[in-house]
A.B. asks: 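Encoded as structure tokens, here's the structure I'll be asking about.
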Amino acid sequence: MTPLLIDTDPGIDDALALLLAFGSPECRVEAITTVAGNVEVPLCTRNARRVVAVAAPIRPPWIVEGAAGPLARPLRTATHYHGADGLGDALPPEASPPATAPGLAARTLVETARRVGRMLTVVAIGPLTNVAQALELDATALADIGRLVVMGGAVDVPGNVTPTAEFNMHVDPEAADRVVAAGLPLELVPLDVTQRVILARAALDTALERAPQRLADFVSTFTRFAFRVEAAADHPGLTLHDPLAVGVALSPSFVTFERVRLEIGADGETRRRPGPPNCRVALAVEAERFVPWFLERLCRASSS
Ligand code: BDR
Ligand code: CA
């Protein structure tokens, strides 16, 4: 079983990515660390808890709140897509979780890296603030993990928040710059591949018919908002950015990697540069194989 630590800003596609991990028998989610991104970090933490409550894994992961904002600039959120609460504004209201000590996520990353070492895969599906802070605490421990799979960047395609930048990189470019420069076992899953992985509403509805009722109700409720946003823009469905990153962590054969030297621009651009590679970038994807695989596991995310 692959031990995973998922660093996330849930977020609708983040929630789907977490459920994919819980529905996957070959991994164990050791910890979930949250980071400000799609919404403010207390909401991200609350949403991570909501997902874990529905998935009800036998061995629930630690959920640890992380950075409340980027290293060096104000937070830019994405509530227009994820809703004001980060999960489509349709779930029953709940009390906010108690605040946790700042920096705890970075410490959790380091402790998990030290404890699990080469066996550990970290999947980072939000801005890279926590990972950059963990590097400051112990860069050696992070360099010694097995894999760091990051959803982010737009290498040979346009960005989704500026003409050249992708959201996770754009929110905290200073953090992204440190992570890319740190000599980590970095695998990037950028828009180049995630934008080709589209989930149609009809396919989700059909799949959820075989899921446990509570899980089916939860997923269909929190995805409604994003499906409406996509339909208004004439898009055929939800883009499975973060689920593809978890998918690649579990089964790298969904994508084809190229070794690339990347540099992070001031706006979070991910630019190719000459010189020795500093990461592997996924540049082709078997989208038609990934989507049914994802749906099958999503429906197994909860046995209750
Ligand atoms: C990324 O931005 C966020 O809004 C999504 O959750 C995903 O991690 C895609 O650009
Ligand atoms: Ca995300």
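Remember, predicted model here, so these are calculated numbers, not experimental data. Numbering of ligands and ligand atoms starts at 1, following listing order.
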A.B. asks: Check whether any N, O or S atom of P10 sits under 3.0 Å from the Ca ion (ligand 2).
C.D. replies: no
A.B. asks: Is a salt bridge present between R300 and E296, judged by a nitrogen-to-oxygen distance below 4.0 Å?
C.D. replies: yes
A.B. asks: Do H82 and N38 have side-chain atoms, one donor and one acceptor, less than 3.5 Å apart?
C.D. replies: yes
A.B. asks: Can a salt bridge be assigned to the pair R228 and E230 using a cut-off of 4.0 Å between side-chain N and carboxylate O?
C.D. replies: no
A.B. asks: Kindly confirm whether the Ca ion (ligand 2) is within less than 3.0 Å of some N/O/S atom in D13?
C.D. replies: no
A.B. asks: For a quick check: using heavy atoms under 4.0 Å, what are the residues in contact with ligand 1, sorted by chain and number?
C.D. replies: D13, D14, N38, H82, I125, M151, N160, E166, F167, N168, H241, D242
A.B. asks: Apply side chain to side chain donor-acceptor pair (under 3.5 Å) to the pair T2 and T121, showing each step before the final yes or no.
C.D. replies: CA-CA 7 Å; T2 304; T121 296; 5.7 Å; no
A.B. asks: So does R114 pair up with D144, basic N to acidic O under 4.0 Å?
C.D. replies: no
A.B. asks: Report, rounded to 10°, the angle at the Ca ion (ligand 2) between the two atoms OD1 (D14) and OD1 (D9).
C.D. replies: 80°
A.B. asks: More than 12 non-hydrogen atoms from neighbouring residues, nucleotides or ligands closer than 6.0 Å to CH2 on W62, yes or no?
C.D. replies: no
A.B. asks: By atom name, which N, O or S atom of D242 is the nearest to the Ca ion (ligand 2)?
C.D. replies: OD2
A.B. asks: Does R115 pair with E30 as a salt bridge, N-O distance under 4.0 Å?
C.D. replies: yes
A.B. asks: Does D85 pair with R50 as a salt bridge, N-O distance under 4.0 Å?
C.D. replies: yes
